[in-house]
Amino acid sequence: MLTVALALGACAPEKAGTGAGTSSAASSSGAATSAPTASATSAGKRPDSLIVMNSADIPTMDPAAMTDSASISVMKNVYETLLVYADDSVTSFEPVLATKWDTSADGLTYRFDLRPGVKFHSGNPLRCLDAEYTYERSMVTNSPSSSIWYLSEPLLGTQANAADDPSITWDRIDRAVECEGEQLVFTLPRPEPAFLERLTFAAQGIVDREHATGLGEWDGTEASWKDWVGRDLDESKLAEQPSGTGAYRVDSANATDITLLAFEDYWDGAPALKSVVRRLVPEQASRIQALLSGDADIAEPGSREVIETQLAGKPGIRIVDDLPSYEAAALHMNQNAEGSTNLGSGNWGDGVPPNFFADRDMRLCFVKAFDYVGYADAVLRGKGERRNVLLPPRFFGYDPSIPVPEMDLAAAETHCRAAHGGQAWEQGFTLNAAYREGSTTQQTSLEVLKQGLEAMNPKFKVNVVPKQWSDLISPSNIEVLRTGRWLAAFAESDNFYRTFYHPDGLYASYNHISTPELTRLVDEARYEPDDARQQELYSEIARLAQAEGLYVLLPVELGIEAYADTLRGIAPEDYNQLTGYFYKDLSKGETP
């Protein structure tokens, strides 16, 4: 769940601060002239258009349903939040739809003055009621597959929705966010150390209330709220017909292309690029060729090796390297895959049982069979950063004194022989391991694991399976082993520890991780006011999580980017790499 870009941070860990400062979709603002497609003309000959090619599809265009970087990277240009991170900081903010804010002395009340004169793409003016509706809609729906727990946790004291937690009433939702005139007021049940950080997340983009209710979305009233509890918004009416306040509006969308047009009534002035086409291109070779030929301005390269061997030094291409990363990547081992269609026979030999990874020895067999050094050197070409826990080292709470996991085939065999009372070793298994189609780095990580396991025992079989992004993350898809990464939505350590190690966290719940001592430590650490004690708790989490073998911790690649050298505003010095770049800040110019 991550935000969405490679991140640049300070060398020392930073603790978050609280200072101020595809289905189709029609255009929500009526008829418009469609943007030319990428095949119509070379991107280099179109100074006012941008072509972006990616291997991941866009699962949703409803901000309240967004959990993935692919959707966010596009829709954050359509919907806007109250504030964003300032410059290259992860501790200070700058206003967007809010102009200023203040916090009460007890940390329970936040007041925001909203920017006047802002219009939605529908033409409706932005009002405080739109913001109130946005946050209430999120808390009401809060489906398990969404990222709305980000918001419900600080505002309601729980990540659950009303269907799962009967203590959540309309009155609690209504009192959590209210309008006093045109001032937006949040009231929290307890102080939240990173409340402002959470409001920067793109899933909190402000929705056009009149437009949404006119489409048949929740009407915003107490009379109907229970009918919308836990509602899946991936294919909502609003996802089909977005209306935000961003510098770009959705002109058209289908299974492969999303076309955005500049919003001429944008409050901060119309952007330089008049159209953006974000295109799904699964084939890596096609994306690379498009970038080299000038038919794409930005294209997902697939791997560092591709950039270094096929793009670096080529005319028209700019490379930026050694960008520190604000993500955590791992191979995920699901401890309870009951009901999965990915189990093979569901038995030993030609499949795996649903509880395959519930056994600690089974997990540690996989953890110790992975070649971390070989992966970092060969796949990441020496640009990999090894981790001892699923937290970026630049975040407060990372303890560099804890050793990183190492490949140890002798220990791996010992654990494999012990797993499931010896059944795994004696009968063998056939395991399907999934990754996002188009990601050669993710694919190779599974192949490295496959090599280590199959060399250990000829009865061990691992099938590396590509899946489209929307299929991989679908709530109905239950994987036994899969790749997964978490990009920082905001700069808070708990955002990673809870996600991976707490039963309420997105990945921990998916993988059925429920270790009582880990749960206690994560809960205690989050609200611990003393920095030294909080660091001790985070170190304990890292040691215990590693001892339990909950994930195969992948070395994380230092960031590298390749794009057309005519682009301006995309270089690291031009934007906050935690938030990523916005299309409105890009333009084109002559090659330097």
Side-chain angles (χ1 to χ4, degrees), residues 1-5 22-26 35 37-39 50-79 143 145-147 202-203 205 232-242 244 248-260 275-288 290-291 295-303 327 329 342 434-443 464-479 482-487 506 510 580 583:
M1 173 1 46
L2 346 283
T3 99
V4 299
T22 167
S23 58
S24 61
T37 63
S39 60
L50 182 74
I51 305 297
V52 181
M53 294 186 180
N54 200 279
S55 68
D57 61 344
I58 302 296
T60 184
M61 293 195 295
D62 189 321
M66 296 191 307
T67 62
D68 66 292
S69 58
S71 299
I72 291 170
S73 65
V74 176
M75 298 311 294
K76 70 181 182 181
N77 299 282
V78 176
Y79 289 95
S143 74
S145 62
S146 76
S147 61
D232 185 352
L233 300 178
D234 281 353
E235 297 181 5
S236 66
K237 294 295 183 181
L238 192 61
E240 296 175 358
Q241 299 184 53
Y248 290 87
R249 60 179 180 82
V250 177
D251 179 62
S252 64
N254 55 44
T256 60
D257 290 6
I258 295 179
T259 298
L260 306 181
S275 68
V276 178
V277 178
R278 196 275 191 188
R279 175 157 296 162
L280 171 64
V281 182
E283 303 82 13
Q284 176 180 287
S286 298
R287 299 193 304 270
I288 297 303
L291 192 57
D295 289 328
D297 301 295
I298 304 171
E300 179 188 356
S303 70
E327 71 172 80
N342 302 305
Y435 71 96
R436 177 174 65 81
E437 183 179 11
S439 174
T440 55
T441 301
Q442 292 183 21
Q443 176 184 359
V464 178
V465 182
K467 291 192 175 182
Q468 188 54 253
W469 177 234
S470 56
D471 295 330
L472 185 62
I473 67 173
S474 169
S476 63
N477 179 53
I478 303 173
E479 299 290 348
R482 57 162 287 187
T483 59
R485 62 180 186 150
W486 189 250
L487 289 86
L506 181 68
Y510 180 90
Y583 298 150

Worksheet item: CH2 of Trp469 to OG of Ser439: how many Å apart, nearest 0.5 Å?
Response: 9.5 Å

Practice prompt. Evaluate side-chain contact (heavy atoms from CB on, under 4.5 Å) for Asn77 paired with Arg278, printing each intermediate quantity in order.
Written response: CA-CA 12 Å; Asn77 299 282; Arg278 196 275 191 188; over 6 Å; no

Item to complete: Check whether any side-chain heavy atom of Leu280 lies under 4.5 Å from a side-chain heavy atom of Ile58, and answer yes or no.
Response: no

Practice prompt. Working to the nearest 0.5 Å, report the span between OH of Tyr79 and CD1 of Ile72.
Written response: 14.0 Å

Worksheet item: Where do Asp232 and Ser143 land on the side-chain hydrogen bond (donor to acceptor under 3.5 Å, both in side chains) test, with the steps shown first?
Response: CA-CA 6 Å; Asp232 185 352; Ser143 74; 4.8 Å; no

Worksheet entry | Nearest atoms (heavy-atom pairs only) where Val277 meets Asp257 | CG1-OD2, 4.3 Å

Fill in: Closest non-hydrogen atom pair, Ala65 against Leu233
CB-C, 3.8 Å

Discussion item. Determine whether a donor-acceptor pair (N or O, by modelled atom type, separation under 3.5 Å) exists between the side chain of Asn342 and the backbone of Ile478.
Written reply: yes

Discussion item. To check you understand the geometry: which heavy-atom pair defines the closest contact between Leu50 and Asp297, and what is its length?
Written reply: CA-OD2, 3.3 Å

Worksheet item: With no hydrogens and no angle check, is any side-chain donor or acceptor of Asp62 less than 3.5 Å from a backbone partner on Asp234?
Response: no

Worksheet item: Minimum heavy-atom separation for Glu300 to Ala56, with atom names?
Response: OE1-N, 4.2 Å

Worksheet item: Would the number of heavy atoms belonging to other residues, nucleotides or ligands and lying under 6.0 Å from NZ of Lys467 be above 12?
Response: yes

Worksheet item: For Thr256, does its backbone N or O pair with a side-chain atom of Arg279 as donor and acceptor, under 3.5 Å?
Response: no

Item to complete: Would you check, one step at a time, whether the test side-chain contact (heavy atoms from CB on, under 4.5 Å) holds for Met66 with Thr60?
Response: CA-CA 6 Å; Met66 296 191 307; Thr60 184; 3.9 Å; yes

Fill in: Smallest separation among heavy atoms of Ser303 and Thr440, with atom names
CB-OG1, 3.3 Å

Discussion item. Measuring from atom OH of Tyr583 to atom OG of Ser275, what distance do you get when rounded to the nearest 0.5 angstrom?
Written reply: 11.5 Å

Discussion item. Assess the residue pair Val74 and Tyr248 against the criterion (side-chain contact (heavy atoms from CB on, under 4.5 Å)); give the C-alpha distance rounded to whole Å, side-chain angles, the decisive distance to 0.1 Å, and a yes or no.
Written reply: CA-CA 10 Å; Val74 176; Tyr248 290 87; over 6 Å; no

Discussion item. Taking the side chain as everything from C-beta on, heavy atoms only, tell me whether Ile51 gets closer than 4.5 Å to Asp295.
Written reply: no

Worksheet item: If only atom types and distance count, is the side chain of Ser71 paired as donor or acceptor with the main-chain N or O of Asp68 below 3.5 Å?
Response: no

Discussion item. If only side-chain N and O atoms count, and only distance matters, is there a donor-acceptor pair under 3.5 Å linking Asp251 with Thr259?
Written reply: no

Response to the item:
Scanning both residues in full, the closest heavy-atom pair of Ser55 with Gln468 reads O-OE1, 3.6 Å

Worksheet item: Judged by atom type as modelled, is there a donor-acceptor pair below 3.5 Å linking the side chain of Arg287 to the main-chain atoms of Val281?
Response: yes

Discussion item. Does the structure place the NZ or CZ of Arg482 under 6.0 Å from the centre of the six-membered ring of Tyr510, at an angle of no more than 45° from the ring's axis?
Written reply: yes

Worksheet item: Are any of the side-chain heavy atoms of Leu260 and Val78 separated by less than 4.5 Å?
Response: yes

